[in-house]
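Along the sequence shown, residues are numbered consecutively beginning with 1.
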Amino acid sequence: MSIYDFSVLSQKGEEVSLGDFEGKVLLIVNTATHCGFTPQYDGLEALYKKYREQGFEILDFPCNQFAFQARESDEGINKICSLKFGTTFTRFKKIKVNGSDAIPLYKYLKEQTGGERIKWNFTKFLIDREGNIVERFAPTVTPEMVEEKIAAIL
């Protein structure tokens, strides 16, 4: 089993294979538009702009499981992220990251990093070009704190 074996849903509900991202360095993040960590969108976008030409992608998964901090529709979340934070990286359909309704990708990410449940929004998973999970980062770890590790595997 590899990260590339999973499919997720686009904001429009279309199936997207993570195999489409094979060979790229990925930062997978569960996000929310009304979270204390929401300003991290600025740092995420800065990383994306700086490294996308080198094969870096951010995969954004809005999640409403933590204090209902992503309560808008997928379209509403996209508007907030695009207009308020200017994000241009790939955003997917709102998901669940914990419990029996967690999407298979997040079940896999958690299993492969010790099985611990996702504690809050803006938990990050760094994936290398071969699809290996390099590291899991807590929400308090900012995008700027992850940059050195991203640059090292690019």
For E148, what residues pass the salt bridge (charged side-chain N to carboxylate O under 4.0 Å, His left out) criterion, not counting sequence neighbours?
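For E148, no residue satisfies salt bridge (charged side-chain N to carboxylate O under 4.0 Å, His left out) once neighbours in sequence are set aside.
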Determine, step by step, whether F66 and C35 satisfy the side-chain contact (heavy atoms from CB on, under 4.5 Å) criterion, reporting the C-alpha distance in whole Å, the side-chain angles of both residues, the deciding distance to 0.1 Å, and the verdict.
CA-CA 9 Å; F66 305 101; C35 176; over 6 Å; no
NZ of K149: more than 12 outside heavy atoms within 6.0 angstrom?
no
Would you list the pairs meeting side-chain hydrogen bond (donor to acceptor under 3.5 Å, both in side chains) in which at least one residue belongs to residues 74-87, sequence neighbours left out?
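Applying side-chain hydrogen bond (donor to acceptor under 3.5 Å, both in side chains) to every pair that reaches into residues 74-87, excluding sequence neighbours, yields D74-K93, N78-R91, T87-R91.
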4.5 Å side-chain heavy-atom contact, F122 and T31
yes
Of V141, N121, T140, which is the lone residue that meets side chain to side chain contact (heavy atoms under 4.5 Å, CB included) with F37?
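Among V141, N121, T140, the one meeting side chain to side chain contact (heavy atoms under 4.5 Å, CB included) with F37 is T140.
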Please confirm whether F61 and F125 have ring centers closer than 6.0 angstrom.
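F61 vs F125: aromatic centres not under 6.0 Å.
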Both conditions, 6.0 Å and 45 degrees, for the charged tip of R52 above the ring of Y48: are they met here?
yes
Would you kindly say whether T33 and E72 are connected by a side-chain donor-acceptor distance under 3.5 Å?
yes
Could you tell me which residues satisfy ring-ring contact (aromatic ring centres under 6.0 Å, His included) with F137, sequence neighbours excluded, listed by chain and number?
none
With Y51 via ring-ring contact (aromatic ring centres under 6.0 Å, His included) - residues at least two apart:
none
Quick one: side-chain hydrogen bond (donor to acceptor under 3.5 Å, both in side chains) partners of D42, sequence neighbours excluded?
none
Run the side-chain donor-acceptor check on residues 15-27: report pairs under 3.5 Å with partners two or more places apart or on a different chain.
residue, atom, partner, partner atom, Å
E15, OE2, S7, OG, 3.4
S17, OG, G19, N, 2.9

